[in-house]
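Remember, it's a predicted structure, so these values are computed and weren't measured experimentally.
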Amino acid sequence: MKRNSIYGMAIVAVVLSTIVTLGVAAHDKYAVKVPGGLAFSEFKGYEAWQVVSISRNEQVVGVILGNPAMINAYQAGIPANGNPVPDGAKMAKIHWAPKQNEFFKEATVPGKLLNVDLMVKDSKRFADSGGWGYAVFDYEAASDIFTPGTLAGTPPQGKDAKCGLTRYTTAKTRDYVLSEYARR
């Protein structure tokens with residue numbers, strides 16, 4: 001009887017430990033990954049990257065950020081100079097629902113966080129998608145978690161590291177880079 005109680009408690013402890021671990025992992029955005037290998041953790045620290053540009057339409061307002069390798073490439077004249085973006089360059093685009101500024105009604109500002117788009121240049125790893133790997137992670141405010149984007153999202157996204165390729169093919173001659181580096 002005592003032995004069964006010990007085994008029972010051990011099983012309960014393992015199950016509870018697993019539930020707690022999964023719960024913590026579910027809330028860690030850096031644990032999320034899209035099929036094909038692109039993980040949010042590859043972009044750790046993106047929140048502090050330099051601004052490349054902004055974008056806006058009726059559905060979203062966004063800011064495009066670049067890691068130091070991408071900023072250096074822009075400052076060297078890429079993509080306009082025709083040179084390829086170097087491996088290791090990364091960009092992140094954060095989308096929010098637009099909202100009117102409470103104190104300056106003519107201004108549109110970020111509202112509810114919608115998603116984060118990520119892209120990394122790795123010509124060997126992503127040779128079949130122009131050398132770029134892509135990921136979209138939708139934000140679910142109610143549960144405070146990020147999940148891989150889906151075809152039901154805005155914009156619709158496939159669930160693999162090539163999900164952005166079709167959107168960027170119009171910029172193939174610019175090494176698939178759509179964003180202009182804003183003059184400062």
Side-chain angles (χ1 to χ4, degrees), residues 28-98 108-110 113-139 146-184:
D28 179 8
K29 69 182 174 187
Y30 293 117
V32 184
K33 186 176 184 178
V34 295
L38 201 56
F40 214 136
S41 62
E42 295 179 60
F43 295 82
K44 203 168 218 168
Y46 75 93
E47 302 92 339
W49 292 352
Q50 189 172 331
V51 172
V52 170
S53 189
I54 60 167
S55 69
R56 181 184 170 280
N57 62 33
E58 296 306 314
Q59 291 94 22
V60 299
V61 59
V63 63
I64 301 146
L65 308 171
N67 73 345
M70 189 69 219
I71 297 301
N72 290 341
Y74 272 121
Q75 291 173 340
I78 293 172
N81 65 11
N83 291 329
V85 174
D87 280 358
K90 298 177 182 179
M91 290 194 286
K93 186 175 186 182
I94 306 168
H95 289 122
W96 297 271
T108 300
V109 297
L113 178 61
L114 300 174
N115 60 34
V116 178
D117 297 358
L118 304 169
M119 57 191 284
V120 59
K121 180 69 181 272
D122 187 330
S123 54
K124 291 183 178 115
R125 186 173 167 201
F126 302 111
D128 60 344
S129 57
W132 288 94
Y134 305 91
V136 174
F137 295 101
D138 292 330
Y139 179 68
F146 285 88
T147 57
T150 68
L151 293 175
T154 304
Q157 298 295 320
K159 281 189 153 189
D160 63 26
K162 294 186 266 186
C163 65
L165 181 61
T166 56
R167 182 173 29 164
Y168 290 89
T169 55
T170 58
K172 185 176 181 178
T173 60
R174 297 168 42 96
D175 197 13
Y176 301 94
V177 175
L178 300 176
S179 303
E180 296 290 337
Y181 187 63
R183 182 170 170 80
R184 301 103 238 241

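Heavy atoms of other residues, nucleotides or ligands lying less than 6.0 angstrom from CZ of R184 number more than 12.
Taking each heavy atom of I94 and W96 in turn, the nearest pair found is CG2-CZ2, 3.3 Å. The shortest heavy-atom contact between V177 and M91 is CG1-CE, 4.2 Å. Pairing each heavy atom of Y30 with each of E47, the nearest pair is OH-OE2, 3.1 Å. Closest non-hydrogen pair, L118 versus A92, comes out as CD2-CB, 3.6 Å. Closest approach of G130 to K121, counting heavy atoms only: O-CE, 4.1 Å.
By the side chain to side chain donor-acceptor pair (under 3.5 Å) test, T147 is found to be paired with E140, residues two or more places apart in sequence or in another chain being considered. In terms of the side chain to side chain donor-acceptor pair (under 3.5 Å) criterion, residue partners of D87 (sequence neighbours excluded) are, by chain and number, S123. The ring pair (Phe, Tyr, Trp, His ring centres under 6.0 Å) test applied to Y181 returns Y74, not counting sequence neighbours. By the side chain to side chain donor-acceptor pair (under 3.5 Å) test, S55 pairs with K93, sequence neighbours left out. In this structure, F43 has no ring pair (Phe, Tyr, Trp, His ring centres under 6.0 Å) partners at least two apart in sequence or on a different chain.
Using a 4.5 Å heavy-atom threshold, the side chains of L114 and V60 count as touching. Using a 4.5 Å heavy-atom threshold, the side chains of V34 and Y134 count as separate.
Between F40 and F137, the ring planes are parallel. Angles under 30° get that label, and only those over 60° would be called perpendicular.
Atom-to-atom distance recorded for I71:CD1 and I78:CD1 is 12.0 Å, nearest 0.5 angstrom. Atom-to-atom distance recorded for L113:CG and F146:CZ is 5.0 Å, nearest 0.5 angstrom. Annotation: the span from E42 atom CD to D122 atom CG amounts to 8.5 Å, rounded to 0.5 Å.
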Take V116 and K29 through the test side chain to side chain contact (heavy atoms under 4.5 Å, CB included) and record every step on the way to the result. CA-CA 11 Å; V116 178; K29 69 182 174 187; over 6 Å; no
Solution key, residues 61-68 side-chain donor-acceptor pairs under 3.5 Å, sequence neighbours excluded:
unit_1, atom_1, unit_2, atom_2, d
N67, OD1, A69, N, 3.4
N67, OD1, M70, N, 2.9
N67, OD1, K90, N, 3.0
N67, ND2, G88, O, 2.9

